[in-house]
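This report concerns only the one structure given below.
Chain identifiers are assigned alphabetically (A, B, ...) following the order of the sequence lines, protein sequences preceding nucleic acid strands; residue numbering begins at 1 within each chain. Keep in mind that this is a model prediction, so the values were computed, not measured.
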Number of protein chains: 4
Amino acid sequence: MSFCSFINFMSNCSFNIIIMTEKKFSRNKQEKIDLIYDNFFKLILEKGYHKTSTNHIAKSAKISIGTIYKYFPKGKQDIMRKYFEDTMENIFNISGLYNVGENKIRDFLKDFILILYNNHKEKKAYNIAFRSAIQSDKMLLKAHKERLFDSFKNAAQKLRGKNEIFNQIPEERLIKLFIFLYNLINALIYHHLSVMRLFDTDMELTDYLSNLTTFSLQYLTRVDNKK
Amino acid sequence: MSFCSFINFMSNCSFNIIIMTEKKFSRNKQEKIDLIYDNFFKLILEKGYHKTSTNHIAKSAKISIGTIYKYFPKGKQDIMRKYFEDTMENIFNISGLYNVGENKIRDFLKDFILILYNNHKEKKAYNIAFRSAIQSDKMLLKAHKERLFDSFKNAAQKLRGKNEIFNQIPEERLIKLFIFLYNLINALIYHHLSVMRLFDTDMELTDYLSNLTTFSLQYLTRVDNKK
Amino acid sequence: MSFCSFINFMSNCSFNIIIMTEKKFSRNKQEKIDLIYDNFFKLILEKGYHKTSTNHIAKSAKISIGTIYKYFPKGKQDIMRKYFEDTMENIFNISGLYNVGENKIRDFLKDFILILYNNHKEKKAYNIAFRSAIQSDKMLLKAHKERLFDSFKNAAQKLRGKNEIFNQIPEERLIKLFIFLYNLINALIYHHLSVMRLFDTDMELTDYLSNLTTFSLQYLTRVDNKK
Amino acid sequence: MSFCSFINFMSNCSFNIIIMTEKKFSRNKQEKIDLIYDNFFKLILEKGYHKTSTNHIAKSAKISIGTIYKYFPKGKQDIMRKYFEDTMENIFNISGLYNVGENKIRDFLKDFILILYNNHKEKKAYNIAFRSAIQSDKMLLKAHKERLFDSFKNAAQKLRGKNEIFNQIPEERLIKLFIFLYNLINALIYHHLSVMRLFDTDMELTDYLSNLTTFSLQYLTRVDNKK
DNA sequence: AATGAATGAGAATTCATTCAT
DNA sequence: TATGAATGAATTCTCATTCAT
């Protein structure tokens, strides 16, 4: 029996079968899904969301169109939805963000901005696509809003426990503030990266955003107190 | 001269009846173009930019698809481009805007915001379409940038002649500042109206923008001076 | 001016334009629609209803797929529906059918059978398609039932005016009887022509149907009276 | 003998444990086939024959698509064919049917009708599918005809031995008569159940069919004698 | 034996654009 | 000028079938 035959024989043994089958299937499946994501976003950068068709994705990923519809039965809409769900945890569960001491809100905001900014840079295609997708998929917009609320509820609770200033703001209000800042920052980063540059350098943008959010936080807290 | 040549000759004559016909046609032409614009934007609000086809516009406007391609040989792209050109003067040539005295910069910014805000509200469909169009039509984006520059150059010149504070800022820098504020305001209004509301009421938005622009003007001027 | 130029000139004259345009457009339109019908039914005989696609029809008719969807926006479903509507009058408005004197009911039924039989033979493809279509298009089935009712209401009124025997049967009952006979005859002709032959010759079939309907009429009238 | 050959050899041995495994597999096999049948017909009632795909059946039956193609290598076509073959004996080998004495032909026909009627009701999905299948599978139609002939040959022989009246009709002729009645009854039951109701109640239908078959038997015998 | 991932031909449908009238 | 019939490439999505595991 040659070595190869031995390997083949071994691969039929039961203790191996299960492990390999699981690995193989799950690896292949995730590989295909990643291929679809990668090529989808690659094409969006090249041609835009609406000119990227499921057939283009299949051809670009060198898989069959049927495979795309196996994993994403509603085509592009499902690619967006599932990517949205798959990346749920990536943005806001960064523990470092919440190690904020007294009087360090400015640093907290700066970190927050950098996270959003890097997310935009790294996932430019996704962000372009997401803006397009929520126009025609109201469920996705709803899910996005709900996730924002949940994430910032979580963040607010953590921060109020650690920081005196945050603690003075009612939780509900703090969540709304964070959602506002999130929208504010995203609107400007998106505009800067995908519509028209606001500054010559990205550093100038993040510096500006840092001051802008501090200003906005003060402005909104002041307005709040007047009411 | 053959009979046909005679007919051709006649059709070029400036007899009264022919002039009237021409006038009538030219009035009809503008009517048709307006019909196309109106129904295009109506449909964009209903179905979105990408799901609005030239055939739909024709059916909605009760004109033939051929007529659309007569006036707009490249279809939707040309509708956007020509509407952009047709409305060139409407936004920034508002004389009232420039009657700004000393210490009245805040009022100037408030007026500026209101003009942009009302423009967004009234031309929501156009603004949605414009964002979509510049993604795939780089010429349109370029033209938009050039127009912004020209308009604000004009505005800067007028304002520097009338106002001491503006006069202290170099023209080139003032133009850049205005373009920045324009982009800032538009990014946020667009986000508020077409992506996700930033405030519960529109008044809160314009109040915030008013303070935001004042802050930004100070911030940028300060940063500028440091350099 | 050559003769051809003269013809061309003439063809631009107003009195001709209207006639020609009307003729031309309507002729072409009906030509295309007839092409679609003809090739649709030709293919149904060759491959069956479900294996006949709109693309096949277009290829077979040597027209573009767009033309089919211009006239029949919902594809095959609309071809069936519109053909159904176009042929509304053909079956029952045969005046000869109603020239039925006293004691000639047998002859009337014979004529009725022959009309249905010839309709099946001549429109075999349509009848096959119709059976398939009403399985997935409940509206078509409903329209079919309504038309049957209206047609036989009309027939019943005519016949009750002319024939003593029919006059003894209440109108409502007579309509039901006709619809029953219609279904009976059609079920058997369809089975004979498209599922499995009931008789060796078609003559035997029509003879049998003739006796069967006479029998059924007596049977149902008798049952009716007992109730 | 290598290790592998030994394994192969072992797998053919008739040790008890292996016999049990085989039995278990064969029981499983029939279970799988029944699952396929059940879910196929369930889906046909829900969506129709043509919209029921092999993939749907697999999903509905919670087995893999591969299993369906293992037992039915040509998919739906084979499911129909094999179901047709599996149910071969069920319809006509009902011994009660042939306990027909003198002058009881009417009762015999009534029983015959009830059997066919109940078969249609209970196997509505199969009957719908069968009609669709024989349109595109001429072999199935041929097999159906052959089975009808064989079944009624068998029935004719039994009945001629027991009943004087049947005995007067030549066997060949009797077979043809039965096939005719079978087609007649089926055509009308199918029309009533799946196209358009002939009567308000099913009882009325079976009563009518009972009289109709008696009439038809007399009619055909009479016609026969004339020839 | 059983699984189910993968394929890709093909079906329905849309849409920008052309062109004869 | 104006019409709208006609085109056909492109898009979304389905389905029978194969094959590696």
Need the pair for E:dC19. Rule: Watson-Crick or G-U wobble, both distances under 3.5 Å, any strand; none if unpaired.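 Across all strands, the one nucleotide that pairs with E:dC19 is F:dG4.
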
Taking the side chain as everything from C-beta on, heavy atoms only, tell me whether D:Thr54 gets closer than 4.5 Å to D:Phe72.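 No, their side chains stay 4.5 Å or more apart.
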
Check the distance between [N]'s [atom2] and [X]'s [atom1] and give it to me in whole angstrom.
| X | N | atom1 | atom2 | result |
| --- | --- | --- | --- | --- |
| B:Lys76 | E:dT17 | NZ | C1' | 14 Å |
| D:Ile36 | F:dA16 | CD1 | P | 14 Å |
| C:Gln30 | F:dA5 | CD | P | 13 Å |
| A:His50 | E:dT14 | NE2 | C1' | 16 Å |
| C:Lys47 | E:dG10 | NZ | P | 10 Å |
| A:Glu31 | E:dA6 | CD | P | 9 Å |
| B:Ile63 | F:dT3 | CD1 | P | 7 Å |
| D:Ile65 | F:dA16 | CD1 | P | 8 Å |

For [X] and [N], is the shortest distance between a side-chain N/O and OP1 or OP2 below 4.0 Å?
| X | N | answer |
| --- | --- | --- |
| A:Lys70 | E:dA6 | no |
| D:Ser53 | F:dT14 | no |
| B:Tyr69 | F:dA2 | no |
| D:Lys74 | F:dA16 | no |
| A:Thr67 | E:dA6 | no |
| B:Thr54 | E:dA16 | yes |

Is a donor-acceptor contact shorter than 3.5 angstrom present between the side chain of D:Asn28 and the base of E:dA1?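 Counting by modelled atom types and ignoring angles, no donor-acceptor contact under 3.5 Å is found here.
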
If you look at every strand shown and take non-hydrogen atoms under 4.0 Å, does A:Tyr71 touch a base, only sugar-phosphate, or nothing?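 A:Tyr71: backbone/sugar contact only, no base atoms under 4.0 Å.
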
For [Y], is there any backbone N or O sitting under 3.5 Å from a side-chain donor or acceptor partner on [X]?
| X | Y | value |
| --- | --- | --- |
| C:Asp137 | C:Ala133 | no |
| D:Thr52 | D:Gly48 | yes |
| A:Lys51 | A:Leu43 | no |

Taking the nucleotide of DNA chain E with the closest heavy atom to each, which residue, C:Thr52 or B:Gly75, is nearer the 5' end?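 The residue closer to the strand's 5' end, by nearest nucleotide, is C:Thr52.
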
Residue whose closest nucleotide on DNA chain E lies nearer the 5' end, A:Gly66 versus C:Pro73: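 Going by which nucleotide is closer to the 5' end, it is A:Gly66.
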
If you count the non-hydrogen atoms of other residues, nucleotides and ligands that lie under 6.0 Å from NZ in B:Lys138, is the total more than 12?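 More than 12 heavy atoms, drawn from other residues, nucleotides or ligands, come within 6.0 Å of this atom.
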
Angle between ring planes, A:Tyr126 versus A:Tyr83, binned at 30° and 60°: parallel, tilted or perpendicular?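 Aromatic pair A:Tyr126/A:Tyr83 classed tilted.
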
Select one nucleotide: of [options], the one nearest the side-chain heavy atoms of [X].
| X | options | result |
| --- | --- | --- |
| B:His56 | F:dA2, E:dC15, F:dA6 | E:dC15 |
| B:Lys32 | E:dG4, E:dA16, F:dT3 | F:dT3 |
| D:Ser64 | E:dT17, F:dT1, E:dT3 | E:dT3 |

